[in-house]
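Input: a single structure, listed below in structure tokens.
Numbers restart at 1 for each chain; the letters A, B, ... are given by sequence-line order, proteins then strands.
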Protein chains: 2
Amino acid sequence: MIQNYQHIKSLLQESGLKTTPQRLAVLDYMIACKCHPNVDEVYQAVCAHVPDISKATVYKLLESFAQNGILSKMNSNDGKLKYDYIAEHHHHLYDVDNDEIKDYPNNELDEILKNYFKEKSIDGYVIEDIKLEIKVKKQINNK
Amino acid sequence: MIQNYQHIKSLLQESGLKTTPQRLAVLDYMIACKCHPNVDEVYQAVCAHVPDISKATVYKLLESFAQNGILSKMNSNDGKLKYDYIAEHHHHLYDVDNDEIKDYPNNELDEILKNYFKEKSIDGYVIEDIKLEIKVKKQINNK
DNA sequence: TTACCTGCAAATAGTTTGCAACCCT
DNA sequence: AGGGTTGCAAACTATTTGCAGGTAA
């Protein structure tokens with residue numbers, strides 16, 4: 001069952017895309033998973049609900065969602081494209097020891113950056129968005 | 001001719017890697033190019049100097065340099081691995097209209113972030129490095 | 001000399017494409 | 001009805017692997 005039917009439907013309409021079972025299933029998964037899946041992971045997950053979806057379709061849908069600003073493409077260090085659903089603005093924590101990536105929302109920091117670039121701009125460019133890529137290690141508990 | 005022979009040689013020694021013509025050529029290019037090439041671009045460029053280098057070797061070298069902290073892997077939105085030589089700490093400007101990526105060093109900003117996270121840490125993690133991923137558009141000149 | 005390194009070619013994996021059939025609106 | 005959308009299979013591109021031979025230290 002699709003969790004966010006109405007929400008997804010309006011996302012699609014805003015982008016001028018038709019509502020299809022494949023799009024519903026892919027977006028529903030992206031919204032629910034709260035992770036940063038690559039194409040194959042999305043495909044595997046969606047297969048459970050829409051068994052006959054093809055991987056080529058998943059490629060096409062994810063790409064078009066990214067074009068329409070519904071998802072963003074992410075950098076990953078394994079050479080595979082990853083996608084991220086943008087519910088709220090957030091940064092990313094990259095664990096250097098394994099390949100985990102976690103969301104890190106921080107409004108306070110967003111404000112600081114916004115203010116900083118209000119005064120000092122980057123010449124020749126207009127800033128659209130700023131995301132932090134924070135490399136982290138898990139803390140060892142030695143008290 | 002290798003521009004930074006001594007420098008590269010010590011980089012390699014610090015990482016316990018033998019000095020080979022292939023490694024010299026690849027690193028020399030990475031240092032000189034000041035860009036963010038993908039594997040094929042490195043291969044093409046290095047071919048001019050070391051004609052019989054194989055692409056498999058380029059893959060292996062870039063990967064091992066990244067493991068040893070000489071290069072960093074980069075996120076790119078085209079599904080190809082890109083590498084970046086780390087001369088000084090810098091951030092990245094991603095042009096949203098084309099696929100250009102530019103370096104953006106900014107010590108002032110590094111200080112601000114460092115101070116911010118001195119007070120407010122991320123629980124469970126130790127921060128290793130912070131990079132900004134700044135999405136930009138070229139400014140239209142309308143005065 | 002010896003352990004590390006490289007090139008080759010083949011295998012594997014990831015992504016794109018073209019088109020006929022299908023299905024939202 | 002009609003144009004956007006999908007699945008398929010094939011093409012294409014990117015990356016990894018194993019191993020024999022080569023080379024830096």
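Two residues, B/Thr19 and B/Ala56, neighbour DNA chain D, and the one matched to the more 5' nucleotide by heavy-atom proximity is B/Ala56. The nearest heavy atom of DNA chain C to A/Pro21 and to B/Pro21 marks one nucleotide each, and the one closer to the 5' end goes with B/Pro21.
Atom-to-atom, NZ of B/Lys55 to P of C/dT6 comes out at 17 Å; the value is rounded to the nearest Å. Across the protein-nucleic acid pair, B/Tyr59 atom OH and D/dT13 atom P stand 12 Å apart, rounded to whole Å. In this structure, NZ of B/Lys9 is placed 9 Å from C1' of D/dA24, rounded to the nearest angstrom. A/Lys80 has its NZ atom 13 Å from the C1' atom of C/dT15, to the nearest Å. One can place CG of B/Leu24 at 9 Å from P of D/dA25, the figure rounded to the nearest angstrom. Taking atom CD of residue B/Gln22 and atom C1' of nucleotide D/dG21, one finds them 14 Å apart after rounding to whole Å. One atom, CZ of A/Phe65, and another, P of D/dT6, lie 8 Å apart when rounded to the nearest Å. C/dT25 atom P lies 9 Å from atom CG of A/Leu12, rounded to whole Å.
A side-chain donor-acceptor contact under 3.5 Å links B/Asp84 and B/His92.
There is no path of hydrophobic side-chain contacts, each under 4.5 Å, that joins A/Ile122 to B/Ile101. Both A/Val50 and A/Val42 are assigned to one and the same hydrophobic cluster, defined by single-linkage of ILVMFWY side chains at heavy-atom distances under 4.5 Å.
No engagement by A/Leu62 is indicated, since no non-hydrogen atom pair under 4.0 Å with the nucleic acid exists. A/Asp52 comes within 4.0 angstrom of sugar-phosphate atoms only, judged by non-hydrogen atoms across all strands, and of no base. Residue A/Thr20 is classed as a sugar-phosphate contact, given heavy-atom separations below 4.0 Å to backbone atoms only. Within the nucleic acid shown, A/Asp40 has no heavy atom closer than 4.0 Å to any nucleic acid atom.
Under the side chain to side chain donor-acceptor pair (under 3.5 Å) rule, A/Asp103 has a single partner from A/His91, A/His36, A/Lys34, which is A/His36.
You won't find any donor-acceptor pair under 3.5 Å spanning the side chain of B/Lys18 and the base of D/dG22, going by distance alone. Taking only distance into account, the side chain of A/Lys60 meets the base of D/dG7 through a donor-acceptor pair shorter than 3.5 Å.
In terms of phosphate contacts, A/Thr57 brings a side-chain nitrogen or oxygen within less than 4.0 Å of OP1 or OP2 of D/dG7.
The 12-atom threshold is exceeded at NZ of A/Lys138, counting heavy atoms of other residues, nucleotides or ligands nearer than 6.0 Å.
The side chain of A/Val39 approaches C/dT15 more closely than any other nucleotide in the set C/dT6, D/dC8, C/dT15.
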